[in-house]
Enquirer: 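Sending over a structure as structure tokens; questions will come in a sec.
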Amino acid sequence: MSHSLLRAVRALASAGILATNLLTLPTVAHAQPAGVTRTDLQRHDLSAPGREAVQVRVDLAPGVAFGRHTHPGEEIIYVLAGAIEYDVEGKPPVTLKAGDVLFIPAGTVHAAKNVGTVPASELATYIVEKNKPLLTLVR
């Protein structure tokens with residue numbers, strides 16, 4: 001095989017692998033609402049087979065809500081700033097402030113809204129199944 005043909009085959013194979021990786025990465029199955037910023041901080045495999053830990057910082061502008069959704073595993077929330085109202089299915093809404101925490105069981109429908117007059121932030125830690133969308137909107 002000539003060098004130019006070999007290079008072309010390698011380039012095509014690399015492009016195919018890249019396209020496959022981009023198409024199979026777990027993604028958030030929704031459009032990002034205006035006023036919400038999600039910053040991925042870290043993602044690591046766990047010792048439990050098929051599970052991973054994901055940490056995300058979520059920033060909400062004043063008055064902005066993140067609609068009803070679920071995760072394919074548990075979510076552990078630590079409020080960094082502001083006042084966020086959480087509506088967790090089966091429980092009365094609760095407003096948390098900086099330093100407060102919340103645990104949301106796997107698959108539980110929930111929503112969040114910045115009920116303050118300043119930006120609000122949370123550190124969300126997910127213990128989830130690998131290769132599934134991290135977040136699925138619920139109508």
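Just so you know, these numbers use all the heavy atoms, side chains as well, and skip hydrogens, waters and symmetry mates. If you read the sequence from its start, that first residue is 1, and numbering goes on from there.
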Enquirer: Do Val64 and Val36 touch side chain to side chain, with heavy atoms closer than 4.5 Å?
Expert: yes
Enquirer: Restricting to pairs with a member in residues 36-55, which pass ring-ring contact (aromatic ring centres under 6.0 Å, His included), not counting sequence neighbours?
Expert: none
Enquirer: Test Leu96 against Val79 for side-chain contact (heavy atoms from CB on, under 4.5 Å), laying out the working first.
Expert: CA-CA 7 Å; Leu96 302 180; Val79 178; 3.8 Å; yes
Enquirer: Taking only residues two or more places apart in sequence, or in another chain, which ones meet Glu129 in a salt bridge (Lys or Arg N to Asp or Glu O under 4.0 Å)?
Expert: Lys132
Enquirer: Which Ile, Leu, Val, Met, Phe, Trp or Tyr residues join Leu80 in one cluster when any pair of side-chain heavy atoms under 4.5 Å counts as a link?
Expert: Leu41, Tyr78, Val101, Leu123
Enquirer: Holding to side chain to side chain donor-acceptor pair (under 3.5 Å), I want the full list of residues that pass it with Asp45, two or more places apart in sequence or in another chain.
Expert: Lys130
Enquirer: When rounded to the nearest 0.5 angstrom, what is the spacing between CD in Glu52 and CG in Asn131?
Expert: 7.0 Å
Enquirer: If two hydrophobic side chains count as joined below 4.5 Å and joins carry through other members, does Tyr126 share a cluster with Leu102?
Expert: yes
Enquirer: Find out whether Phe66 and Pro33 are in side-chain contact, i.e. whether some heavy atom of one side chain is under 4.5 Å from a heavy atom of the other.
Expert: yes
Enquirer: Quick test of your reading of the model: are Arg38 and Glu122 salt-bridged, counting only N-O distances below 4.0 Å?
Expert: no
Enquirer: Hydrophobic clustering (ILVMFWY, side-chain heavy atoms < 4.5 Å, transitive) - are Leu134 and Val58 grouped together?
Expert: yes
Enquirer: Residues two or more places apart in sequence or in another chain: which of them pass side chain to side chain donor-acceptor pair (under 3.5 Å) with Gln55?
Expert: Gln42, Thr125
Enquirer: Mind listing the side-chain donor-acceptor pairs of residues 103-121 below 3.5 Å, one per line with the distance, residues two or more places apart or on another chain?
Expert:
from: Thr108; atom 1: OG1; to: Pro105; atom 2: O; distance (Å): 3.0
from: His110; atom 1: ND1; to: His69; atom 2: O; distance (Å): 3.3
from: His110; atom 1: ND1; to: Thr108; atom 2: O; distance (Å): 2.9
from: His110; atom 1: NE2; to: His69; atom 2: NE2; distance (Å): 3.1
from: His110; atom 1: NE2; to: His71; atom 2: NE2; distance (Å): 3.3
from: His110; atom 1: NE2; to: Glu75; atom 2: OE1; distance (Å): 2.9
from: Asn114; atom 1: OD1; to: Gly116; atom 2: N; distance (Å): 2.8
from: Asn114; atom 1: ND2; to: Leu60; atom 2: O; distance (Å): 3.0
from: Asn114; atom 1: ND2; to: Ala61; atom 2: O; distance (Å): 3.2
from: Asn114; atom 1: ND2; to: Val118; atom 2: O; distance (Å): 2.9
from: Ser121; atom 1: OG; to: Arg57; atom 2: NH2; distance (Å): 3.1
from: Ser121; atom 1: OG; to: Asp59; atom 2: OD1; distance (Å): 2.3

Enquirer: Measuring from Asp100:CG to Thr95:OG1, what's the distance to the nearest 0.5 Å?
Expert: 10.0 Å
